[in-house]
Each structure stands twice: as structure tokens, then as C-alpha cells.
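Numbers restart at 1 for each chain; the letters A, B, ... are given by sequence-line order, proteins then strands.
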Amino acid sequence: MREFFERISKIDRRIIYLIVLVGVTIPLLTRKGFEFKPLPEVKNAYNFIENLPEGSNVLISIDYDAASMPELQPLLEVMLRHLFRNNLKVIMMGHWPLGLPLGQIALEKIAKEMDKKYGYDYVFLGYRPGIAAVMLNMGKEIRMVFDVDYKGVPLDSLPMMREVHNYDDIALLIGFEAGSVGDFWVQFAQARFGQKIILTSTAVVTPDLYPYYQAGQIVGLIGGLRGAADYEILVKRKGFAYTGMTAQTVIHVIIIALILLGNIGYFALRRMR
Amino acid sequence: MKKEVPLIITFISGFLLIVALFIPHEPFGSLQERFNDWYIIVSGFTLILGVDSLLLYHWRKIKTKDKDAPYSIILIITFITVLLWGIYSGVKHGNPFAPASTFLRYFYTYMFVPLQATMFALLAFFIASAAYRAFRARGLNATLLLVSAGLVMLGRVPKGEIVVPFFIAITLILIAIIFVLEAVARVSLYERLLYFALALISLIAIIPLSILLREYLPALADWIMNVPQLGAKRGLFIGIWLGAIAMAIRIILGIERTYLK
């Protein structure tokens with residue numbers, strides 16, 4: 001009996017890795033999704049975008065990189081589709097230089113799919129160093145930070161940017177966060193300039209952003225793959241995030257089962273001693 | 001003078017920035033913008049500093065024939081290749097990340113992104129293994145953490161409420177077994193009856209708890225996230241930022257000088 005409990009409290013890590021691999025791979029390959037209700041914070045974000053007047057400017061900040069791509073990239077694509085479908089204008093920039101091309105790739109892809117024109121419907125500004133300083137200066141005049149776009153074209157040459165000077169001309173800011181830049185957006189763009197913000201983040205970062213949502217400092221919060229899947233349900237275009245949630249369900253169940261197993265072994269051995 | 005000059009610069013910059021926040025009129029009004037411009041420029045130079053220290057570190061390893069020198073050689077070769085490739089694509093297309101650039105298509109999309117994503121994806125395996133090994137209900141705090149983590153993990157995924165009764169049943173049966181074993185080990189009749197009663201309560205609780213959690217698990221997970229989690233987070237944040245303010249004052253006043261070393 002003792003041997004059995006010792007075995008279940010010391011499962012070889014390679015077996016655990018194999019269980020995790022199978023648990024994640026099969027749901028992703030079968031692409032089967034479960035039905036579920038979107039979270040209220042995601043619904044609020046969706047409703048806010050739905051209620052924006054046509055032609056409003058939306059600033060998107062890419063503050064993640066390839067490490068967080070599985071969680072945030074599907075959401076970025078589905079949000080871009082939603083924004084373009086509602087005829088909103090997109091201005092993209094970012095504070096993570098290594099992740100910015102991911103935003104650019106998604107923007108070019110969705111803009112082409114939705115037949116949107118560069119300079120008229122969307123603009124890609126790129127990256128400037130100095131997170132807080134960039135945010136503060138943008139509150140006064142965007143040209144103080146970005147006088148040209150990523151191709152070096154002056155902002156005034158781009159028709160949709162001619163009337164955009166600071167946060168007053170931006171109806172909504174959407175931050176895609178894998179770190180602490182979201183906190184800076186709230187502290188500088190929202191607290192100082194009253195900018196309306198929706199934050200989307202990896203599941204690890206999401207608990208840090210809940211205080212802002214509960215305090216009404218951000219109008220919506222879309223956290224992790226679950227948030228992305230909720231958003232896909234709301235825009236009625238179920239994609240990778242939605243099917244990915246099945247893999248997440250399976251892996252959560254596996255982890256809890258493993259924890260339970262570990263605890264059974266731990267308590268049994270403790271009693272035997 | 002090596003210490004005094006940086007201390008004076010820090011004091012003047014810090015003091016002026018605080019004044020500029022509270023007095024938005026000239027000559028202080030435009031100070032913040034000017035400092036922000038300088039900050040952006042200095043931030044740009046820190047990238048160069050980072051590259052310099054990285055290359056120097058690995059160059060020294062190669063020179064001293066360290067056992068990890070082969071990795072340093074790979075790093076320097078990769079660094080130069082990526083740099084030259086980026087410059088070439090930048091010159092050819094006006095921007096290394098232009099849609100037609102080979103740098104974006106081949107290096108970024110097919111090498112950098114999969115490598116970085118793979119590194120992060122490995123976390124799933126390590127987390128599962130670490131949770132299994134370390135997450136033990138050793139005391140009240142650990143048990144509370146374990147139970148709330150389990151409820152949130154299942155409450156935030158689809159169909160979690162279907163699985164939860166199964167875990168509840170196993171956990172309560174185990175608790176009942178522990179109580180029965182405790183009862184058998186006791187001499188006093190009163191203690192024996194008490195432990196048997198507790199075991200019975202654990203078994204009876206399976207059905208109502210399962211029904212309740214099946215119905216209210218997502219709401220319970222939301223409550224954990226919105227009330228206890230948020231309360232703790234707020235406390236942490238307040239503590240962190242009070243500490244940050246204290247540290248900023250110490251730096252401005254020159255009490256904290258470790259950044260000079």
C-alpha cells in the first residue's frame with residue numbers, strides 16, 4: 001500500500017509532460033468547442049465598441065510579443081474585424097518593439113480582408129522608446145512623439161491623421177497587454193487625460209487589471225484566451241480562441257486531478273509515518 | 001565630484017518634475033514636455049548600452065575560453081547576421097518590417113516568433129509538473145489557496161461545472177476516510193463519535209455541495225476574482241506604490257545612492 005501511495009505522490013515528470021501534451025494536442029486538433037456565456041467585463045467592452053459612432057478613431061497599443069501570441073493574437077484579429085466592420089478608424093502603435101510586427105501583420109491581413117485603405121481607414125505608427133513619456137506627450141500632441149508613421153510618411157500627409165492631435169481626438173484606446181504597460185495607460189492616459197480604455201491581457205496579467213475595471217477606470221477588460229473566446233462569441237465569429245478553450249478546460253482538469261493525486265499520496269504517507 | 005554631479009542632476013530633475021506637475025504655468029509648464037523629450041532620447045540610448053554590455057559579456061567569455069564559449073560564439077554570429085539582414089531589408093524596402101521584406105517574412109515570422117512562442121509554451125509542462133509537486137494542503141493557508149485556485153480554474157473554463165462534482169466527491173470521500181482513521185485511533189468514546197459524525201457529514205455534504213457548485217461555480221469563481229482577490233491586490237498595490245514614492249523621495253534627496261554603483 002505504501003508503495004502505491006509513494007508512486008502516486010512521485011509520478012515521473014516525463015509522464016506528466018506526456019499527459020499535458022496529449023491533453024492539449026487532441027482538443028486543438030479536433031477543434032471542438034463548448035458553449036459558454038461571455039463574461040460581463042467582455043460584454044461591456046463589446047458594447048462600448050458597438051456604440052462608438054462611425055468614423056471614430058481607435059488607438060491600439062501592441063504591448064506583447066510572440067510569447068503571448070496564442071492568447072492575444074486571435075483577439076487582436078477578431079477585434080480588428082469588429083472595428084473595421086463598424087467603420088471605425090484604427091491607429092496602431094506599441095511599446096514592445098519585438099511584438100509590434102505581430103500587430104502590423106494582423107492589421108495588414110484584416111485590412112486587406114475588409115477592403116480598408118492605409119492612411120484613410122488605418123495607420124501604423126510603430127514604436128518610440130520611453131513608455132510614460134510617450135503617453136504623456138501624446139496627450140498634448142501626437143506629433144511630438146510620432147511626427148511620421150512607420151514608413152517615414154509625415155502624419156499630416158495621411159488624411160485620417162490630419163485632425164488627430166491628442167487623446168481628445170481618440171474615442172477609445174485598446175491596450176493588448178502582456179506586462180505592466182496597461183498600468184501606465186491607466187495612470188497616464190486615463191487618469192490625466194480621461195481617455196476611455198479597454199484593456200485586453202494575458203491570463204497571468206488579468207488579475208492585476210481587475211482593480212481598474214472595478215473602479216471604472218477602464219470600460220472593459222478582456223482577459224486571456226477565455227476573454228478572446230468570449231469576444232469571438234459576441235462578434236459571432238468563432239475561431240482559434242473559442243476552440244482553444246476546450247484545450248484549456250482539459251488542461252485545467254488535468255492539473256487539478258494531478259494536484260488531487262499528489263495530495264492523496266501526501267496525506268496517506270503522512271498518516272503511515 | 002564623480003558622485004556629487006549625478007546627485008545634483010537627480011535632485012534638480014526630480015524636484016523640477018514635481019514642481020511642473022503642480023504649477024502648470026511658465027516657466028515650469030513646458031518643463032515636463034522637455035524632460036519627456038530628453039527621457040525618450042535617453043531611453044533610445046539605453047538600447048545601445050544594452051547591446052554593448054551583452055556583446056562585451058560574451059566576447060569576454062570567448063576570450064577567456066569559458067566552457068560556455070561556443071554558445072557565446074553562436075550568439076555573436078546570430079547577432080551580426082540579424083543586424084546585417086535587418087539593415088539590408090531596411091535599405092531595400094525602407095523598413096525592415098515592411099510587408100515585402102525577407103527579414104519580416106523569413107527571420108521574424110519563421111524563426112523569431114516560433115522560437116519565442118516555444119519557450120513560453122514550455123511553461124504549460126513546467127506549471128503542470130510544479131503544481132503537482134508543490135501544491136500540497138500543508139496548512140490552512142495552503143488549503144484555502146488550493147481550494148480557491150481549483151474553483152477559479154474550473155469556474156473560468158467552459159463545462160468546468162460538470163467536472164467539479166467529481167472532484168468534490170473524491171475530496172470529500174478522502175476527508176471522510178481521514179476522519180474515520182482518526183476516529184479509530186482515538187480512545188475516548190466522545191472523540192470517536194465526534195470523528196465518525198464528521199466523516200458522516202463529509203459524505204452527506206457531497207450531494208448538496210455538488211448540486212450547488214454545478215449551479216453556481218462560474219458565479220463563485222467571479223466572486224473570488226472580484227472580492228478576495230481584488231482586496232488582496234489592492235492592498236498589495238497600495239503597499240507597492242507607497243514603497244515606490246518613498247524610494248523616489250530617497251533617490252531625489254540623495255539618501256538612496258545604489259544606482260550610482
Least distance between heavy atoms, B:Ser89 atom then B:Thr102 atom = OG-OG1, 3.5 Å

Among A:Ile251, A:Val253, A:Thr246, residue most engaged with chain B (heavy-atom pairs, under 4.5 Å) | A:Val253

Got a salt bridge between B:Arg186 and B:Glu182, using NZ or NE/NH1/NH2 to carboxylate O under 4.0 Å?
-> yes

A:Ala247 versus A:Val24, closest heavy-atom pair with distance | CB-O, 3.9 Å

NE2 of A:His95 to CE of A:Met135, rounded to nearest 0.5 Å, is 3.5 Å

Segment of A:Phe267 engaging chain B (4.5 angstrom heavy-atom cut-off) | side chain

Using a cut-off of under 4.5 Å for heavy-atom pairs, which of B:Trp38, B:Phe167, B:Tyr39 has the most such pairs with chain A?
-> B:Phe167

Toward chain B, the part of A:Ile15 with a non-hydrogen atom under 4.5 Å | neither

Give a yes or no on whether the ring-centroid distance for A:Tyr122 and A:Tyr118 is below 6.0 angstrom.
-> yes

Among B:Phe35, B:Phe126, B:Phe135, the residue with the most heavy-atom pairs under 4.5 Å to chain A is B:Phe135

Mind ranking B:Asn226, B:Leu236, B:Val164, B:Val42 by heavy-atom pairs under 4.5 Å with chain A and telling me who comes out on top?
-> B:Asn226

Using a cut-off of under 4.5 Å on heavy-atom pairs, state which of A:Ala132, A:Gly152, A:Gly262, A:Ala257 scores highest against chain B.
-> A:Gly262

Can you tell which part of A:Leu98 gets under 4.5 Å to a heavy atom of chain B, answering side chain, backbone, both or neither?
-> both

Part of A:Asp12 within contact of chain B (heavy atom distance under 4.5 Å) = backbone

Which portion of A:Met245 sits near chain B, non-hydrogen atoms under 4.5 angstrom = both

Residue, of A:Asp208, A:Leu102, A:Leu100, A:Asp183, that accumulates the most heavy atom pairs under 4.5 Å with chain B = A:Asp208

Turns out that what part of A:Lys37 lies under 4.5 Å from chain B's heavy atoms comes down to neither

Return the orientation label for the B:Phe112 and B:Phe107 ring planes: parallel under 30°, perpendicular over 60°, tilted otherwise.
-> tilted

Could you check which of A:Val145, A:Leu21, A:Ile254 has the highest count of heavy-atom pairs closer than 4.5 Å to chain B?
-> A:Leu21

What part of A:Arg13 lies closer than 4.5 angstrom to a heavy atom of chain B: side chain, backbone, both or neither?
-> both

Which bit of A:Ile255 is near chain B, if near means a heavy-atom gap under 4.5 Å: side chain, backbone, both or neither?
-> side chain

Taking atom OH of B:Tyr88 as the centre, report whether more than 12 heavy atoms of other residues, nucleotides or ligands fall under 6.0 Å from it.
-> no

Measure B:Arg138 against the heavy atoms of chain A and call it side chain, backbone, both or neither at under 4.5 Å.
-> both

Answer yes or no: is there a donor N or O on one side and an acceptor on the other, between the side chain of A:Ser9 and the main chain of A:Phe5, under 3.5 Å?
-> yes

Considering only heavy atoms, which portion of A:Ile16 lies under 4.5 Å from any heavy atom of chain B: side chain, backbone, both, or neither?
-> side chain

Side-chain atoms of residues 144-157 of chain B: list all donor-acceptor pairs with protein atoms under 3.5 Å, sequence neighbours left out, distances to 0.1 Å.
residue: B:Ser148; atom: OG; partner: B:Leu144; partner atom: O; Å: 2.7
residue: B:Ser148; atom: OG; partner: B:Leu145; partner atom: O; Å: 3.2
residue: B:Arg156; atom: NH1; partner: A:Tyr210; partner atom: OH; Å: 3.0
residue: B:Arg156; atom: NH2; partner: A:Tyr210; partner atom: OH; Å: 3.4
residue: B:Arg156; atom: NH2; partner: B:Asp222; partner atom: OD1; Å: 2.8

Measure the CD1-CG distance between A:Ile142 and A:Leu125 for me, rounded to the nearest 0.5 Å.
-> 7.0 Å

Counting only heavy atoms closer than 4.5 Å, note whether A:Gln73 contacts chain B via side chain, backbone, both or neither.
-> neither

Under 4.5 Å from a heavy atom of chain B, the part of A:Gln248 involved | both

Using side-chain hydrogen bond (donor to acceptor under 3.5 Å, both in side chains) as the criterion, list what pairs up with B:Arg234, not counting sequence neighbours.
-> A:Gln214

A:Thr206 and A:Ser201: side chain donor to acceptor below 3.5 Å | yes

Shortest non-hydrogen pair, A:Leu221 vs A:Glu41, comes out as O-CG, 3.2 Å

Taking the inter-plane angle between the rings of B:Phe103 and B:Trp85 on a 0 to 90° scale, is it parallel (under 30°), tilted (30 to 60°) or perpendicular (over 60°)?
-> perpendicular

Considering only heavy atoms, which portion of A:Leu39 lies under 4.5 Å from any heavy atom of chain B: side chain, backbone, both, or neither?
-> side chain

What part of A:Glu141 lies closer than 4.5 angstrom to a heavy atom of chain B: side chain, backbone, both or neither?
-> neither

Do you know which of A:Ile105, A:Ile19, A:Leu261, A:Ile131 has the most heavy-atom pairs with chain B at a distance under 4.5 angstrom?
-> A:Ile105

Chain A: which of B:Thr109, B:Val163, B:Thr171, B:Leu181 shares the most heavy-atom pairs with it under 4.5 Å?
-> B:Leu181

Side-chain H-bond candidate by donor/acceptor type, A:Glu35 with A:Tyr242, under 3.5 Å | yes

Interface moiety of A:Leu225 toward chain B, non-hydrogen atoms closer than 4.5 Å = neither

Sort out for me which of A:Pro207, A:Gly224, A:Ala268, A:Gly33 touches chain B most, counting heavy-atom pairs under 4.5 Å.
-> A:Pro207

Under a 4.5 Å heavy-atom cut-off, does chain A meet the side chain of B:Phe97, its backbone, both or neither?
-> both

